[in-house]
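Below: the structure, in structure tokens.
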Amino acid sequence: MDKRFGKKYKLCNEKQIELVFTSKNSVKSYPFVIHYADLQTQIDVPFQITISAPKRNFKKAHERNRIKRILREAIRENKLILETFLIENERKLAVFMIYTAKEELSFDVLQKKMKNLLNQLIIEISNDKK
RNA sequence: AAGGCAAAUCGGUCUAUCGCUGUCUCGAAUUUUCGGGAGAGAGGAAAGUCCGGGCAGUAUAGAGCACCGUACUUCCUAACGGGAAGGCUCCAAUAUAAUUGGAGACAGAAAGUGCCACAGAAAGGAAAACUACUCAAACUAGCGCAAGCUUCGUUUGAGAAAAGGUGAAAAGGUGAGGUAAGAGCUCACCGUAUCAAUGGCGACAUUGAUUGCAAGGUAAACCUUACGGACUGAAAGACCAUGUAUACCGAGGCUUGAGGGCUGCUCGCCCGAUCUCGGAGGGUAGGUCGCUUGAUCCCAAUCGUGAGGUUGGGGCUAGAUAAAUGAUAGGCAAUUUGAUGUUAAAUCAGAUAACAGAACCCGGCUUAUAGAUUUGCCUUUUUA
RNA sequence: GGUCUCGUGGCCGAGCGGUUAGGCACCGGUCUGCAAAACCGUCUACUCCGGUUCGAAUCCGGACGAGACCU
């Protein structure tokens, strides 16, 4: 498997985002909140994701950009955890991720937190199935 | 050498691995994807949106009024509320001649209107008379603790606008003459106004003359004068794809003109009939162009006091769209702390690195900014 | 990205060049056995920096903050 994380992984479809929020499936794990739903469209990628840093906590544009870039890097490093699970179960996910901490955390910490979050997400999904 | 002020320039860099977004190219593949390679990828303010322009649409946007903006002069520029050079006024220092530095929304108050609280007689009309002053007339006791004064006192009339008091501001200033007391009433100097001459493209300066000085402040109050300004902004606008409703309700109209044409009014012009406007409702919300070759950047020569102009040569330097520049490891350079060493240099270890992210593009202004470099001036110390 | 509006005590809110009204709240007092209500009194403000003016919350320029609209 490769570590590439390109434009295809972006969730841009407005209707799909509406669906993600109306489905009310969410996982909370500091410093993240995740909303997710099953993907409706036909895509050759196991999941699509939107990353968001709220303007309330980060007022400067370059701070928000920085947060989103670091999160994207953290997901790219750890996406295999989620991807292998999804391929095994033949599911496709739309994910909306919100960063809730009020300060920028270091990359090492974020990587650990990201692993926790993804494992938690996998557990939630498999519970849904049952 | 250190510190301060001013101006200008810069705003970390290199290597490796894994990634992101365009461009070019090769191969697979065939109308769209996959893989390989090459090369590119945030700023001096990208910010605020305070001005100006390009560009696009509205008629290749026309006239008048209204409205808005600008305001010493000359120049630069595509243009500007920006910049350059100069003038004037004010402030500071040296010093009392001038020089240096800084600041200035710096047209008109003698076209008109308004306002100037409180205080004050009076705040603009050549107005007014509280105390005090001067003169004249009348009255007889008056003033003062007293000495004393009668040239006083009281009343009336007149003069003057000098002194006091109010105020931010009281209407040329100082001195002399003059006068009953006074007053630009007269004179000298200064200020100011007008006219003339000379110098300067000009703002203005210098000099001279004058039966001038009767007329405060405020125009970032209305206003006047001169000049300028159409409006809307890339979510502009053009095209393709997808989808729906050539349906419903209301109003108007069919060439004798309804209605529309992107700030208001009047005029003018243009479009205009299976139509136009409004309502309610349905559908789509994807892509391409616009989009980066431009008042462009770099170097050289040359013209100009300067902003800047001209000529020649070379370069192509981000184009994203829920919005690309990141992560990890190491080195170099900078600052700083500690240790070794100590005149200094050097070595080792650790820490820090600002303000901040393109969104059609330029020219400015303003605001934020760790630190570094250069130049000029000033102060202090050391050496020669 | 673009266009516009606003900023006055803890809160709401008047003021259009001349000592910043008023209400609610807080605090103190009167009343009460105690409290509420009522009455009386006090305290606390013009977002910031410059300019114009004798004088600025008001006029002008800049900064900061908040809000609305255009798809």
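Sequence lines set the chain letters: A, B, ... in the order given, protein chains first and strands last, and positions in each chain run from 1.
Following rounding to the nearest Å, A/Asp108 (CG) and B/rA327 (C1') show an atom-to-atom distance of 10 Å. Spacing between atom CG of A/Asn65 and atom C1' of B/rA323 amounts to 9 Å, rounded to whole angstrom units. Following rounding to the nearest Å, A/Glu63 (CD) and B/rA354 (P) show an atom-to-atom distance of 12 Å. Rounding to whole angstrom units, CG of residue A/Leu110 and P of B/rU328 are separated by 10 Å. Across the protein-nucleic acid pair, A/Glu77 atom CD and B/rG326 atom P stand 16 Å apart, rounded to whole Å. To the nearest angstrom, P of B/rC20 lies 14 Å from CD1 of A/Ile75. The CG-C1' distance, from A/Asn78 to B/rG19, rounds to 14 Å in whole Å. When the P atom of B/rA327 is taken as reference, atom CZ of A/Arg72 falls 11 Å away, rounded to whole Å.
Look at B/rU317: its glycosidic torsion is within 90° of 0, and that puts it in the syn range. The glycosidic torsion of B/rA42 lies within 90° of 0, which places this base in the syn conformation. Taking syn as a glycosidic angle within 90° of 0, B/rG62 does not qualify and is anti.
Between A/Arg69 and B/rA327 there is no side-chain N or O to OP1 or OP2 distance below 4.0 Å. Side-chain N/O atoms of A/Lys60 include none lying less than 4.0 angstrom from OP1 or OP2 on B/rC355. Side-chain nitrogen and oxygen atoms of A/Lys8 include at least one within less than 4.0 Å of the OP1 or OP2 phosphate oxygen of B/rC34. Applying the 4.0 Å criterion to OP1 and OP2 of B/rU21, one finds that A/Arg4 has every side-chain N and O outside that range. For the OP1/OP2 pair of B/rA356 and a distance below 4.0 Å, the side-chain nitrogens and oxygens of A/His62 include no atom meeting the criterion.
The nucleotide B/rU366 finds its pairing partner in B/rA47, both defining distances of the Watson-Crick or G-U wobble pair being shorter than 3.5 Å.
No engagement by A/Arg64 is indicated, since no non-hydrogen atom pair under 4.0 Å with the nucleic acid exists.
In summary, A/Asp38 and A/Lys92 do not engage in a salt bridge, as defined by a charged side-chain N under 4.0 Å from a carboxylate O. Remark: A/Arg76 engages A/Glu73 in a salt bridge, criterion side-chain N to carboxylate O under 4.0 Å.
With sequence neighbours excluded, no residue forms a side chain to side chain donor-acceptor pair (under 3.5 Å) with A/Arg72.
Side chains of A/Leu105 and A/Tyr99 form a contact here, defined as non-hydrogen atoms less than 4.5 Å apart. Side-chain contact between A/Ile125 and A/Phe85: present, with at least one pair of heavy atoms (C-beta onward) separated by less than 4.5 Å.
Here the side chain of A/Glu73 is nearest to one of B/rC18, B/rC20, B/rG357, namely B/rC18.
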